Amino acid sequence: MAQQVYDLPCDGEGTCMACKNKPTAEESLACKTCATPWHVACLSVRPNSLADTLQWDCPDCSLLSANPVPASGAGESSSSGGLIAAICAIESDSSLTEREKAKRRQQLLCKDAGPSDHKEETNGDDNLLSILDGLNCSFCMQLLERPVSTPCGHNFCLKCFTKWIGQGKRNCANCRKEIPPKMARLPLINSTLVTVIRMAKMAKANAAVGTSRDYPVIRNEDRPDKAFSTERSVKRGNANAASGKIFVTTPMDHFGPILPENDPMRNQGVLVGETWENRFECRQWGVHNPHISGIAGQSKHGAQSVTLSGGYEDDEDHGEWFLYTGSGGRDLSGNKRTNKEHSFDQEFENSNEALRLSCRRGYPVRVVRSHKEKRSSYAPEKSLRYDGIYRVEKCWRKTGIKGFKVCRYLFVRCDNAPAPWTSDVHGDRPRPLPIIEELNVAIDITERKESPSWDYDEEKGCWMWKKPPPCSRKRANNRHSEEGKRTKKVKRQAQNKSVKEKLLKAECSCYICKKVMTSPLTTPCAHNFCKSCLEGAFAGQSYVKQRTCEGRRTLRAQKNTMKCPSCSNDIAEFLQNPQVNRELMEVIESLQREIAKENEESKEEADGIHEKAEGVDVSNEIVEEAKENNLKGQIESEIQQTEKLKKTSGKCAQNRGRKKGSTSRKQLDDGNNGVDPSEPEKAVGEELQDPVAERKL
DNA sequence: GGGCCCGCAGGG
DNA sequence: CCCTGCGGGCCC
């Protein structure tokens, strides 16, 4: 975050925490504000004069009062002028991205208010931001990282705390209260605190985003012309990109050629032989929508297009006709999106069923060939190429090369324009179907019974719709359309809210009363309870009923014990003088306020949408949507991270929704219960190389 | 060139 | 909300 190196003071014994030496009285300097001794030699900025020495504010205290921009001592007008100048400086810094600029602006504004100043409630997030500032570790002055909480209610980074203990200290660095030996031996991460810090961070990032216009932009017209990396994408470029603008006006489930009337940009439609660099571009011209999947379609509606990319070795390309293989049947565990290996049978379901429906109805199917298809003479040398309209004449299942059943489709070309590889000047004429040998061993053969929707008109001498094309189930240009997104927006809002609420409820609830904690106590075993609940649970009782093991519902009476209701650790000593974890309390409270505020806002917004006429006040909405979408991404990734931390087995499959032990055919087939033995444990291991932390989480 | 990774977008 | 997917970048 900050490049600034933080200085370290002397500890309770007078030893410099930076150099580990014990400075003499002359070598140390006391802060005029907090009276903490500091080793002069280890200070990054030392006082210049004796006068300075007497009026010296330690780095911690001066950090709070003196901010480099704007000049703090200046009058109000010049202060705001300085602020404007500082913002201008940030704006004009070309080395910064929009997001970084937003971050800087946010930092600037937060700092400007200062901790002791009364903050105006101009922005509800201010409160949250200052709370986050209050969650700094007393040692390193940074936001708590892997926080551990002392029974006296103070929080430190695990690293700093361990360092402190390693120096032989056995008292709290904040209040000098004794640290229980058990905690000194094995400090446990306060996972509730981890969660609230994350949530507060999310809100903070959200606030920063609100000041800038950055991706992901929701509406189609706001998307860039090329695929773009979103902020949450770690990899730049097109590896994990989001789609660029859709240039055509056809709905996503449009059948048949892309006509000039659907091409407002060029007014020519998509012509046979047009090429694109990648799948995103192909998608942007409405030819083949999904950016990975080979088949575009819906099982109840039909398939609109396919791509031949050599992904399935059973494919067989003869140009004017080809045999296509359905999707699925492959093991995608271990976070894969594709896989050459077949490991179970394909069925006529989902997109395979969609393609079968297109076969039955005789719908026109757009075909794209990719340079990735190496075994076909008809594939382009590079890029992707639109090869025109085909019809699926038959489909069936057969045993594929790898021994598993695959869905098969006979595609025959039926386009009015000549194929890119032919010297013909005219398009296709109806032709007899090729003889397919494998049909002799095929099962589940489907042939079209009804007359095809797309057929050759002898009179007109061209291919055309003989029956009206299927009604689109999507609106025209629903991909990223404003209309579609508006409803989605409301939905998303509700989702975000419930995610936050759920998180707070799930992570910050008292084990005893099941409600979000008020005045939380953190036990030495790092569990959190309402003060009243925990004290009440043991008040005047000679024995206590409690769950013996988390996850089991058995209640067992245990005599004369004061054990943590969550983990059964002895907390008798802790209960003698339990201290509220104030920092935790404050964050929880501000998060609750935040959620309440959002509830109110979304209520207003929902009312507003009802009343609002089309297209009014869109500008504000763009920002709102960008903001929300961003938050959603953050929440998702945060939740994923939380999940990762919680389940050490979460791995990267989390994102894929593949969980250990969930049954699927592929897993049964390869007999290793779906666990890829080569799958690295990395994500969690790196994050928490500390065995202690890992144990806890 | 193969393996690995993972955000996106859509279907259901 | 979960699941799927004939991508694309990067590393070896």
Side-chain angles (χ1 to χ4, degrees), chain A residues 215-216 218 223 227-244 246 252-253 276-283 288-301 303-315 317 324-342 346 349-354 367-376 379 383-384 406 473-474 478-480 484 488 491-492 494-495 498-499 502 629 632-633 636-637 639-640 651-659 662 664 666 676 678-680 682-683:
Chain A
Y215 296 125
I218 305 302
R223 290 188 172 237
F228 60 97
S229 318
T230 58
E231 289 300 338
R232 56 179 294 203
S233 167
V234 181
K235 292 181 188 170
R236 304 284 99 179
N238 283 339
N240 291 311
S243 164
I246 307 288
M252 205 177 61
D253 54 357
W276 304 282
E277 270 307 295
N278 53 45
R279 289 285 292 265
F280 280 115
E281 282 188 20
C282 174
R283 170 191 151 86
H288 187 72
N289 202 42
H291 82 275
I292 296 182
S293 181
I295 304 169
Q298 307 77 35
S299 59
K300 299 226 163 64
H301 195 57
Q304 295 86 25
S305 56
V306 297
T307 300
L308 287 111
S309 298
Y312 287 79
E313 55 183 342
D314 290 289
D315 287 2
D317 195 358
Y324 195 71
T325 312
S327 71
R330 308 194 297 190
D331 177 13
L332 298 182
S333 61
N335 216 3
K336 288 188 277 288
R337 302 294 179 266
T338 58
N339 185 351
K340 295 261 174 195
E341 296 296 309
H342 269 250
Q346 289 182 355
E349 53 189 22
N350 305 327
S351 51
N352 292 350
E353 178 59 18
V367 169
V368 173
R369 279 187 176 81
S370 159
H371 66 101
K372 286 186 161 187
E373 171 56 274
K374 298 290 180 207
R375 297 162 310 134
S376 165
S383 66
L384 290 116
V406 289
R473 301 184 315 164
K474 322 266 175 189
N478 188 300
R479 324 169 227 220
H480 324 308
K488 267 196 176 173
K491 223 168 142 186
R492 203 167 49 233
Q495 267 176 16
S498 68
V499 164
K502 274 184 198 162
N629 200 52
K632 185 188 171 197
E636 273 171 6
S637 64
I639 288 176
Q640 279 168 17
K651 300 179 195 169
C652 45
Q654 217 286 329
N655 182 29
R656 310 247 57 214
R658 287 181 224 295
K659 290 176 191 96
S662 75
S664 99
K666 47 199 164 236
D676 186 350
S678 61
E679 215 174 301
K682 176 174 122 222

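When reading the values below, keep in mind they use all heavy atoms of this one structure, side chains included, and skip hydrogens, waters and symmetry mates. Every value quoted in this text rests on a predicted model; they were computed, and no experiment measured them. Numbers restart at 1 for each chain; the letters A, B, ... are given by sequence-line order, proteins then strands.
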Review point. Given atom CD of A/Q304 and atom C1' of B/dG10, what is their separation to the nearest angstrom?
Key: 11 Å
Exercise for review: Could you tell me whether A/R283 and A/E281 make a salt bridge, using a distance below 4.0 angstrom between a side-chain N and a carboxylate O?
Suggested key: no
Exercise for review: Could you check how far CZ of A/R223 sits from C1' of B/dC8, rounded to whole Å?
Suggested key: 9 Å
Check your understanding: Any donor and acceptor pair, going by atom type alone, linking the side chain of A/Q346 with main-chain N or O of A/G329 inside 3.5 Å?
Key -> no
Exercise for review: Using only side-chain N and O atoms of A/T230, determine if any of them is under 4.0 Å from OP1 or OP2 of B/dC8.
Suggested key: yes
Revision key, fill the gap. Letter by letter from the 5' end, nucleotides 6-12 of chain C scores (B base, S sugar-phosphate only, - none; protein heavy atoms under 4.0 Å) BBBB---
**Study point:** Length of the line joining A/E353:CD and C/dT4:C1', which is rounded to integer Å
**Key:** 17 Å
Practice item. Start with the C-alpha distance between A/N289 and A/Q304, add both sets of side-chain angles, then the distance that settles side chain to side chain contact (heavy atoms under 4.5 Å, CB included), and finish with yes or no. Key: CA-CA 9 Å; A/N289 202 42; A/Q304 295 86 25; over 6 Å; no
Check your understanding: In whole Å, what is the span from the CD atom of A/E341 to the C1' atom of B/dG2?
Key -> 12 Å
**Study point:** Exceeds 12 heavy-atom contacts within 6.0 angstrom, atom NZ of A/K374
**Key:** yes
Review point. Over how many whole Å does the gap from A/H342 atom NE2 to C/dG5 atom C1' extend?
Key: 13 Å
Exercise for review: Indicate whether OP1 or OP2 belonging to B/dC8 is found under 4.0 Å from a side-chain N or O atom of A/R232.
Suggested key: yes
Check your understanding: Rounded to the nearest 0.5 Å, what separation is found between the CG atom of A/D331 and the NZ atom of A/K336?
Key -> 5.5 Å
**Study point:** Base-pairing assignment for C/dC6 (Watson-Crick or G-U wobble, both under 3.5 Å)
**Key:** none
Practice item. Using a 4.0 Å heavy-atom cut-off across all strands, classify A/A241 as base, sugar-phosphate, or nothing. Key: sugar-phosphate
Review point. Between B/dC5 atom C1' and A/N339 atom CG, what is the distance in whole Å?
Key: 14 Å
Practice item. Please report, rounded to the nearest Å, how far the C1' atom of B/dG12 is from the NZ atom of A/K300. Key: 8 Å
Practice item. Mind checking the CG-CG spacing from A/N339 to A/L332? Nearest 0.5 Å is all I need. Key: 6.5 Å
Check your understanding: For A/D317 and A/R375, what are the C-alpha separation, side-chain angles and deciding distance, and is it a side chain to side chain contact (heavy atoms under 4.5 Å, CB included)?
Key -> CA-CA 8 Å; A/D317 195 358; A/R375 297 162 310 134; over 6 Å; no
Review point. In whole angstroms, how far is the P atom of B/dC4 from the NZ atom of A/K340?
Key: 15 Å
